[in-house]
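Structure, as structure tokens:
These numbers come from the heavy atoms of this one structure, side chains and all, not from hydrogens, waters or symmetry mates. Order of the sequence lines sets the chain letters (A, B, ...), proteins ahead of strands, with each chain counted from 1.
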Amino acid sequence: MRRALVSAALLLALAAAVLAGSAALDRLTGQLTAEVERTAVLALTEDWPAAREAADGILRSWDRQAFLLHTTLRHGDLREIELTLERLRTYAGQMDAGQCAVAAAEAAALLDQLAQSERLTLENIL
Amino acid sequence: MVIALVRTVILYLLIIAGLRLMGKRQIGELEPSELVLALLIADLAAVPMQDFGIPLLTGVIPILTLLCLTTILSVATMKSRRARDLLCGRPSVIIRDGRPDQREMRRNRFTLDELAEELRVKGYADLSAVKYAILETNGQLSVLPYAAQAPATAAQLGVMPPEPGLPRVLISDGALLPGALAGAGRDEDWLREQLRARGLSSPGQVFLCTVDETGKVCLIPREAVG
């Protein structure tokens with residue numbers, strides 16, 4: 001009986017951990033998407049120092065979560081997002097508003113897709 | 001490659017722990033739920049072991065989940081008869097009074113060829129010698145012959161052979177097993193005496209030494225490695 005209780009507790013802990021992980025990912029991608037959109041707006045208004053700073057900030061936030069992200073999500077998906085964020089920074093550095101907007105839209109879509117894939121929805125389960 | 005090595009070690013240890021939880025059953029004696037667990041664990045472990053693009057946790061979490069579920073279900077089957085029937089099924093009487101129960105055979109998709117084969121394996125070539133044959137939940141067939149066909153036991157013959165007792169290993173491949181001597185109610189002086197009586201001087205010269213509850217000693221010396 002003790003073994004069953006320990007197993008049930010472990011199962012509940014696992015469920016709680018994965019739900020918490022999914023919620024944390026939702027929050028992180030939401031924040032990053034907002035930052036990416038802000039960068040695109042700054043690029044459109046040609047406020048390049050602020051755009052560069054914002055793009056750097058996004059990559060710093062991403063790097064801070066790198067360990068957690070790599071232990072829970074497909075590395076290929078993460079690499080794709082990272083490359084898009086780096087492209088956004090490069091275009092911000094080159095002061096290319098058009099490419100910045102494209103990279104920002106791409107990054108936002110990828111971040112949204114990442115969060116969607118980890119949400120507890122019937123769609124994902126099936 | 002170092003990732004493959006580390007991941008393999010982690011997953012291997014996890015699977016061994018899982019199989020230990022399943023107990024000492026052989027693969028052929030697995031209940032349906034245990035067979036499903038074994039197959040799923042093997043498959044789940046193989047993916048993160050080979051594909052480094054996915055996190056190790058995608059293999060570990062499902063394996064842990066399966067182990068937890070199996071433990072919970074095994075306790076449920078132990079405590080509840082209904083859960084046991086639902087998860088493990090019930091034994092089916094395939095032969096009753098020497099006649100195959102065709103309905104039970106159909107229900108278990110058990111063919112006559114399989115039945116004949118199983119009976120031959122158990123040493124019964126003739127169906128009429130079998131009073132009952134029961135298909136157990138682990139897939140094994142238990143055969144109960146008619147009393148006239150069953151081998152006579154010592155009690156039926158009126159013979160009272162001495163009980164052999166459980167042999168206890170004292171020395172295994174030259175190594176004296178700690179605690180075994182005391183467990184058998186003997187001491188080192190007794191062991192030295194036994195060795196001397198067989199022309200040996202130390203446990204290092206013994207391949208196997210056992211003693212049973214009646215005090216019967218089996219001692220096999222080590223062969224010289226040439």
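- Interatomic distance, B/L66 CG to A/L11 CG, rounded to the nearest 0.5 Å: 10.0 Å.
- With a 6.0 Å radius and a threshold of 12 heavy atoms from other residues, nucleotides or ligands, B/K122 has its NZ atom above the threshold.
- In terms of heavy-atom proximity, A/T72 sits nearest to B/P55 at C-CG, 3.4 Å.
- Atom CZ of B/R90 has 12 or fewer heavy atoms from other residues, nucleotides or ligands within 6.0 Å.
- A 6.0 Å sphere centred on CD of A/Q113 holds no more than 12 heavy atoms belonging to other residues, nucleotides or ligands.
- Within a 6.0 Å sphere centred on CD of B/Q102, other residues, nucleotides and ligands contribute 12 heavy atoms or fewer.
- Contact count against chain B (heavy-atom pairs under 4.5 Å) is highest for A/T71 among A/L5, A/D77, A/T71.
- For CD of B/E188, the number of neighbouring non-hydrogen atoms (other residues, nucleotides, ligands) closer than 6.0 Å is 12 at most.
- The part of A/V18 that comes within reach of chain B is its side chain, from C-beta onward, which places non-hydrogen atoms under 4.5 angstrom from that chain.
- Annotation: the span from B/T65 atom OG1 to A/L10 atom CG amounts to 8.0 Å, rounded to 0.5 Å.
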